[in-house]
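Since the structure comes first, as structure tokens, the remarks are kept for the end.
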Amino acid sequence: MARTLLDKVWEAHTVRTLPSGQTQLLIGLHLIHEVTTPQAFQMLKELNLKVRMPERTFGTLDHIIPTADQTRPYADPEAEEMAQHMYKNMKDFGVPLFDMSTGKQGIVHVIGPELGLSQPGMTIACGDSHTSTHGAVGAIAFGIGTSQVRDVLATQCLSMAKPKLRQVRVDGKLAKGVYAKDVILAIINILGVKGGVGYAYEYAGDTIDGMTMEERLTVCNMSIEGGARFGYVNPDAKTVEYLRGRPYAPKGEAFDRAATWWKSVATEPGSSFDDVKRIDGAALEPVVTWGINPEMSVGVSKTIPSPDAQPEAERPTFREALAHMGFSAGQPIKGAKIDVAFVGSCTNGRLSDLRIAAEVAKKGKVAKGVRALIVPGSQQVAKDAEAEGLHEIFKAAGFEWRKAGCSMCLGMNDDKLQGREMSASSSNRNFIGRQGSPTGRTLLMSPAMVAAAAITGAVTDVREILK
Ligand code: SF4
């Protein structure tokens, strides 16, 4: 019988079936960062346990670090304390840490694939919801909580129930100015933020097949925002070429052997799914969120929907969203004024994202009164972007060129919204308070759309700028 990637990878990592019916799953790669590990390491110390497989565990600093001045000690004492814990725990437990001195530091979901740590057919866990990102290489990759971080550190295993599998097929050529971010925002809008609960998503179809690996990473990154704990793309020739030569990918003959196995884990033709959803990629336009969860979005040419047109149960959330955002039903999203523009995060902080944003930035200057940040997802992304002169394009247009980190994706570092500021953001969450101000407002969109909003001061259809 034809088998899916989920079936094959799950089976290959099954240690045993537990009495609860859950699977004891071996974790091939455990990525860790400074926020969700201090308590986990503390618990290990109290239980006098070691890290079971330090060779399969890698750490980075991303969430709390400043992206302007990274001189130690950090100005924020809490950030400094977390960094110190991370340094000490990694040394005490013999786990490698990609700090700023290594040239490999960056957002955990950017550096995993970039370093070739994340590989097809793996199970990957990290104490961060957006671990789903790594599914783009053909892995089963999911976020875990602090107590599960402890479990993986101590045993390299987790107990988990195998989810159902939904194939999300996107077909058709994307129009100019429409990107992977628009595709995943559209998927979440159509299927809902809870639509994927209990499912894993397999992304397929010729739109997905035609995407670069960086675009696939953007799509998989937001699986969790659609309720699916993980999502993946089947490994293909593009996946293999992406991994070739990366620092932690196998070398020489070992690479060829690995590539054969990687391709063998792809879903076989004729496999059956618990559900299949089809989306017309050619019909998509740039998407912008208008509300307080990533499902609340519209095409840039459309108007904000009315709560009265929603099912009864959803009306209160719609009304809350309109009140928080200061929008009215029927208002066009295009033209909504912004105060801050942020290009970065594990969704859209890769080189290709910066290239697209720079293309738009060349067309103008950051609008008066707008604060615009470009934050590379890793030191390597920053280095590559600087080698191409992208930083100069941004600086000439009035953007701030920052150092690698999570930055304004979440309010755990110095980059925060102030008061009711409205931000055009390439990140993945628009929850109330996410960007550091309880009254701050977030509009999610593609990096190109963020750059367009930065130079016009309002939500703009990037297709008009790029034509
Ligand atoms: S960029 Fe945002 S979503 Fe990604 S790891 Fe950092 S805080 Fe989490």
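As the structure lists them, so they are numbered: ligands from 1, and atoms in each ligand from 1.
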Practice prompt. Could you tell me which atoms of ligand 1, counted from 1 in the order shown, lie closer than 4.0 angstrom to a heavy atom of Arg434?
Written response: 2 (Fe), 3 (S), 7 (S)
Worksheet item: Roughly how far, to the nearest 0.5 Å, is CE of Met408 from CG of Leu373?
Response: 5.5 Å
Worksheet item: Can the positive tip of Arg166 be found less than 6.0 Å from the middle of the six-membered ring of Tyr199, inside 45° of the ring normal?
Response: yes
Discussion item. Does the Lys NZ or Arg CZ of Arg246 fall within the cation-pi geometry relative to Tyr248 - under 6.0 Å from the ring centre and within 45° of the axis?
Written reply: no
Practice prompt. Give me the protein N, O or S atoms that fall under 2.8 Å of atom 6 (Fe) of ligand 1, sorted by chain and residue number.
Written response: Cys406 SG
Worksheet item: Is the Lys NZ or Arg CZ of Arg72 less than 6.0 Å from the centre of Tyr74's six-membered ring, within 45° of the axis?
Response: yes
Worksheet entry | Ser426 side chain to Asn348 side chain, donor-acceptor N/O pair below 3.5 angstrom | no
Worksheet item: Are the charged groups of Glu202 and Arg169 less than 4.0 angstrom apart, N to O?
Response: no
